[in-house]
Amino acid sequence: MSDTASTPRVRFAPSPTGYLHVGGARTALFNWLFARHFGGTLILRIEDTDFERSSEEMVEGILEGMLWIGLNWDEGPFYQSKRLDLYRETAAKLLASGHAYYCFCTKEELEQRRAEAVAAGRPPMFNRRCRRIDPAVAADRKAAGESCAVRFAVPEDGGATSFDDAVFGKVEFANAEIEDFVLLRSDGIPTYHLSVVADDIDMRLTHIIRGADHISNTPKQVLQYRALGAPMPVFAHVPLILGPDKTRLSKRHGATSVIAYKEMGIVPEAFRNFLALLGWTPGAAGKDADGKDRELFGSEELTRLFSLDGISKSNAVFDNDKLAWFNTEYIRAYDAAKLLPLIEEEWTKAELTPNRTHDEVIATIDLVKPRARNLKDFAIAFRAYFSDDFTYDPAAVTKFLKDDAVRAMLVELVARYESATEFTEASTEQILRAFAEEKGVKAGALINGARVALTGQAVAPSLFAVMVNLGKDRVVKRLTATAAITVPAVSS
RNA sequence: GGCGCCAUGGUGUAAUUGGUUAACACGCCGCCCUCUCAAGGCGGAGAGUUCGGGUUCGAUCCCCGAUGGCGCUACCA
């Protein structure tokens, strides 16, 4: 690590060939946490040198994903496609110092040789044929217009290249295993190997925190740092996130794009908290007074606690159940006012317009949120609290309103409420229980039936709290309507 | 195939870096509460630390091997 840098400079460098996926989001989060912890700088760099697969639309999707989980950046976004000169200059330096050379092999030749090697059971590595061409001759051929790529000359000294990874420790590769990789393609566009190093040096990065899938690429980069005489950054590779079957997380396992979780009704802070704990633990600092591990960490606490030391080496499985748990915890902890804008998005999507006053809406969110697992609940299961436009859950009707006698009694109950002078939790309960006693039925039967009549659901908060929340008029109306509710025909 | 990395209940992780009845959280099961369902409270099942060898008085922890998983193996990133 360079001692001229007092604070770390890190980067998140996605390739815009897809949306921000959960692995990328976690890498971004770790970089962000690391930068914020040390008061360092986070740079956002778009690695779009694969013109075929990159698109501006994907860049927007990635930024949207980052912003959603609350990540910002200090510099950038920088686009590699706009920094081509830097890469060409870097390649020229390497060429000049003898660390790189022109390769005139065509793609077809390369493919053919690779196929032959595989068929013969030999490693399909580039055979370094063009490395033996005299540099002067190569320069002439290039000047004459012959198409060529630039390759890095990996030391043929029988030695090894290693680096000290902040999470994995010392990792070493025999130089004989590293092929003379392409730096500059024949069309003058750099490959990833060149552009990362050129940019990481140019942007004076001190720590490279990225997915463990880059471990095998690292020696190629270390070699370039040395050839360029640049200070070596600290490498920290983060284990990958796997699906429930322990294979690489993919669409097969459900949502892989971060934004999909937003669309599923996940609260951003819950997602961020969940992600932070995949492959990282605060260790002893994350235990409570009883020595139990804590799981719920807000943004500030996460950045205070974050450290490279807490990153584990083994891959982690993405567990939807745990995410769901985080989500309910966060929804319950949010105040109604903070929840409201998120819920309004869901209402818009569900084409629901609440016909209640703002204060009523806030009070209702508080009433209902202890039972919410997901933002979607506010638009679906809890719909009857916010709008008169709701439906009855057939299963709930079958369970509690199947009995005609119960339905008739609920309708009869209406008169009692209409003539009541007050309408509080205590009074509504008292009226119902007295009525049940008169009729010789269990209060529970009427309560459960009324719940379905009032909310359309079998699941709800305390019935009398619901009554007060809805208000006398709605209660009267909905109870009266009980008679018209159709009981689903019992099949089988 | 070659190279690299990893390996603690179903999942995420702990275990004063050799000495614990292997801990916590999620999930699961049961009980309590009760007008339903969550929540909450209480209790439970579930790993002897992938397997096999070592080193040691003693290994989850150190070493070797095997197995398994993952990653890389492009003029993709």
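Heavy atoms only: backbone and side chains are in, while hydrogens, waters and symmetry mates are out. Below, chains carry the letters A, B, ... as their sequence lines are ordered, and counting in each starts from 1.
Contacts of T191(A) with the nucleic acid, taken as non-hydrogen atoms under 4.0 Å apart, involve only primed sugar atoms and P, OP1 or OP2. Using a 4.0 Å heavy-atom criterion, one finds that E172(A) contacts the sugar-phosphate atoms exclusively. If you check every strand for non-hydrogen atoms under 4.0 Å, E295(A) touches a base. G279(A) comes within 4.0 angstrom of the backbone, heavy atoms only, and of no base.
To the nearest 0.5 Å, the span separating CG on L184(A) from CG on L95(A) amounts to 9.0 Å.
Here K246(A) reaches the OP1 or OP2 of rU11(B): one of its side-chain N or O atoms lies under 4.0 Å away. Proximity of R332(A) to the phosphate of rA39(B): no side-chain N or O atom is located under 4.0 Å from OP1 or OP2. Within the 4.0 Å cut-off from OP1 or OP2 of rA39(B), not a single side-chain nitrogen or oxygen of R373(A) is found.
Nucleotide rA66(B) is matched to rU50(B) when pairs are restricted to Watson-Crick or G-U wobble geometry with both distances under 3.5 angstrom. Under the Watson-Crick or G-U wobble criterion, with both distances below 3.5 Å, rC28(B) is paired with rG44(B). rC72(B) is paired with rG2(B) under the Watson-Crick or G-U wobble criterion, all donor-acceptor distances under 3.5 Å. Taking a pair to require two hydrogen-bonding distances under 3.5 Å in either a Watson-Crick or a G-U wobble arrangement, rC57(B) pairs with rG19(B). Across all strands shown, nothing is found opposite rG9(B) as a Watson-Crick or G-U wobble partner with both distances under 3.5 Å.
Distance, R248(A) CZ to rG71(B) P: 5 Å, rounded to whole Å. If you take CG of N320(A) and P of rG27(B), they are 13 Å apart, rounded to a whole angstrom. rC75(B) atom P lies 14 Å from atom CZ of R53(A), rounded to whole Å. Distance K313(A) NZ to rC61(B) P: 13 Å, rounded to the nearest Å. The distance from atom CD1 of I241(A) to atom P of rG12(B) is 11 Å, rounded to the nearest whole Å. Here rG27(B) presents its C1' atom at 12 Å from CH2 of W325(A), a figure rounded to the nearest Å. In this structure, L367(A) atom CG and rC35(B) atom C1' are separated by 14 Å, rounded to whole Å. Regarding Y385(A), its OH atom lies at a distance of 10 Å from the C1' atom of rU36(B), rounded to whole Å.
Taking the six-membered ring where tryptophan is involved, the planes of F382(A) and Y385(A) are perpendicular, since the angle between them exceeds 60° and thus also 30°.
Between R294(A) and E301(A), at least one side-chain N (NZ, or NE/NH1/NH2) sits under 4.0 Å from a carboxylate O, which counts as a salt bridge.
The side chain of E177(A) lies closest to rG2(B) when the candidates are rG2(B), rG40(B), rC26(B). Candidate nucleotides rG1(B), rC35(B), rG12(B) were compared by shortest atom distance to the side chain of P124(A), and rG1(B) ranks first. Each of rA14(B), rC26(B), rC6(B) was ranked by its minimum atom distance to the side chain of T281(A); first place goes to rA14(B). Side-chain proximity of F400(A) to rC3(B), rC35(B), rU36(B): nearest is rU36(B). Comparing atom distances between the D321(A) side chain and each of rG10(B), rC75(B), rG27(B) picks out rG27(B) as nearest.
There is a side-chain donor-acceptor pair under 3.5 Å between H253(A) and D245(A).
Figure legend: cation-pi geometry between R151(A) and F181(A) absent, as NZ or CZ is not positioned both under 6.0 Å from the six-membered ring centre and within 45° of its axis.
Nucleotides rG48(B) and rU60(B) have their P atoms positioned 12 Å apart, rounded to a whole Å.
For H193(A) and Y87(A), the ring centers are positioned 6.0 Å apart or more.
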